[in-house]
Each structure stands twice: as structure tokens, then as C-alpha cells.
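Excluded from the calculations below are hydrogen atoms, water molecules and symmetry mates; all remaining heavy atoms, backbone and side chain alike, are included.
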Amino acid sequence: PFLLLDLESALVHIGRGDVVEQLREAMIERWTYDENADAAYLYLQTPDSADEAPGETVSVYDELGINLDSDSQGRLTGMEILEGKAIIAQLEESTAA
């Protein structure tokens with residue numbers, strides 16, 4: 001929850017409030033962690049997006065170290081969290097439940 005609030009605020013600050021509602025409804029499909037890069041990637045569930053071409057990346061790197069990926073229809077498909085080690089314990093806990 002804390003991450004979502006910070007992310008929403010940062011997106012509004014950079015003029016991308018249009019992404020906030022999608023974040024609120026996003027469901028994590030799966031996630032990966034690259035220990036060498038200390039980066040977590042969250043794959044988000046999107047209906048029928050498997051055949052969609054990649055869209056844009058919205059970066060809130062300066063504020064939070066996060067990049068959001070979307071498909072060509074503007075639907076969020078993933079979230080890269082740099083310095084992701086801090087969130088790994090929460091992800092492992094939520095998937096173990």
C-alpha cells in the first residue's frame with residue numbers, strides 16, 4: 001500500500017494521473033527478481049494483451065526508481081522496481097499466503 005500511494009503521487013506530479021486508476025485495479029500475475037541488478041519486475045494481468053505490441057514506458061525513476069510498461073492500447077503490463085530488494089520480502093510473503 002505504501003508503494004502505491006507514493007507511486008500515485010509521483011504519477012500525478014509528472015502529469016500521468018491517467019495511469020493511477022489502472023494501478024489501483026492492477027493484479028500481479030507473477031514477478032521476477034534479478035539479484036545482480038537489484039531489480040524486481042512485476043508482470044500485471046491484462047485482459048487479452050498477450051498479442052499486443054509493447055507501448056510506452058512511464059518512468060518515475062527519479063522519484064521512486066520505478067518504470068511502468070504498457071501495451072500498445074495503453075494498458076499497464078508491468079512494473080520494474082529498481083533497488084527492488086526491499087520489496088522482495090513483501091512479494092514472497094504475499095505469494096506464500
Side-chain angles (χ1 to χ4, degrees):
F2 70 92
L3 178 63
L4 183 58
L5 292 174
D6 290 344
L7 190 51
E8 288 176 358
S9 176
L11 286 166
V12 169
H13 179 74
I14 64 170
R16 292 306 307 260
D18 59 307
V19 179
V20 171
E21 190 60 36
Q22 287 189 62
L23 276 173
R24 289 180 183 153
E25 297 174 1
M27 299 286 290
I28 299 171
E29 184 175 286
R30 62 187 173 95
W31 59 272
T32 59
Y33 177 68
D34 181 334
E35 192 171 327
N36 292 328
D38 188 19
Y41 195 85
L42 310 177
Y43 296 84
L44 305 177
Q45 291 179 349
T46 53
D48 304 324
S49 66
D51 297 331
E52 290 296 327
E56 71 174 322
T57 297
V58 176
S59 179
V60 284
Y61 175 77
D62 291 338
E63 294 86 353
L64 299 172
I66 295 176
N67 295 309
L68 300 169
D69 294 327
S70 66
D71 64 15
S72 63
Q73 302 226 352
R75 297 175 295 200
L76 288 179
T77 58
M79 178 187 309
E80 177 186 39
I81 303 171
L82 306 174
E83 298 181 18
K85 191 171 194 171
I87 200 158
I88 293 303
Q90 292 177 10
L91 291 169
E92 288 175 338
E93 185 177 299
S94 69
T95 56

Residues in salt bridge (Lys or Arg N to Asp or Glu O under 4.0 Å) contact with Glu29, at least two apart in sequence or another chain: none
Qualifying residues under salt bridge (Lys or Arg N to Asp or Glu O under 4.0 Å), relative to Glu8, sequence neighbours excluded: Arg24
Can you find a heavy atom in the side chain of [X] that is under 4.5 Å from one in the side chain of [Y]?
X	Y	answer
Leu68	Leu7	yes
Leu44	Ile28	yes
Leu82	Ile66	no
Thr32	Leu42	no

Cluster link Ile88 to Tyr43, ILVMFWY, side chain under 4.5 Å: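 No, Ile88 does not connect to Tyr43 through the hydrophobic network.
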same_hphob_cluster(Tyr41, Val19) at 4.5 Å side-chain heavy-atom cutoff: no
Under the ring-ring contact (aromatic ring centres under 6.0 Å, His included) test, residues paired with Tyr33 that sit two or more places apart: none
Donor-acceptor pairs are to be reported for all side-chain atoms of residues 57-64 against protein atoms at under 3.5 Å, with residues two or more places apart or in another chain.
from: Thr57; atom 1: OG1; to: Asp69; atom 2: OD1; distance (Å): 2.8
from: Ser59; atom 1: OG; to: Tyr61; atom 2: N; distance (Å): 3.2
from: Ser59; atom 1: OG; to: Asn67; atom 2: OD1; distance (Å): 2.8

Shortest non-hydrogen contact between Ile87 and Ala40, atoms and distance: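 Closest approach of Ile87 to Ala40: CG2-CB, 4.3 Å.
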Minimal non-hydrogen separation, Asp34 against Asn36, with atom names: OD1-N, 2.9 Å
Those residues that, when tested against Glu83, pass side-chain hydrogen bond (donor to acceptor under 3.5 Å, both in side chains) (two or more places apart):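 For Glu83, no residue satisfies side-chain hydrogen bond (donor to acceptor under 3.5 Å, both in side chains) once neighbours in sequence are set aside.
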Under the side-chain hydrogen bond (donor to acceptor under 3.5 Å, both in side chains) test, residues paired with Arg16 that sit two or more places apart: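 Result, side-chain hydrogen bond (donor to acceptor under 3.5 Å, both in side chains) vs Arg16: Asp18, Glu56.
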Greater than 12 external heavy atoms within 6.0 Å of Glu25's CD: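 Yes, the 6.0 Å shell around CD holds more than 12 heavy atoms from other groups.
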Rounded distance (nearest 0.5 Å) linking atom CG of Leu76 with atom CD of Gln45: 13.0 Å
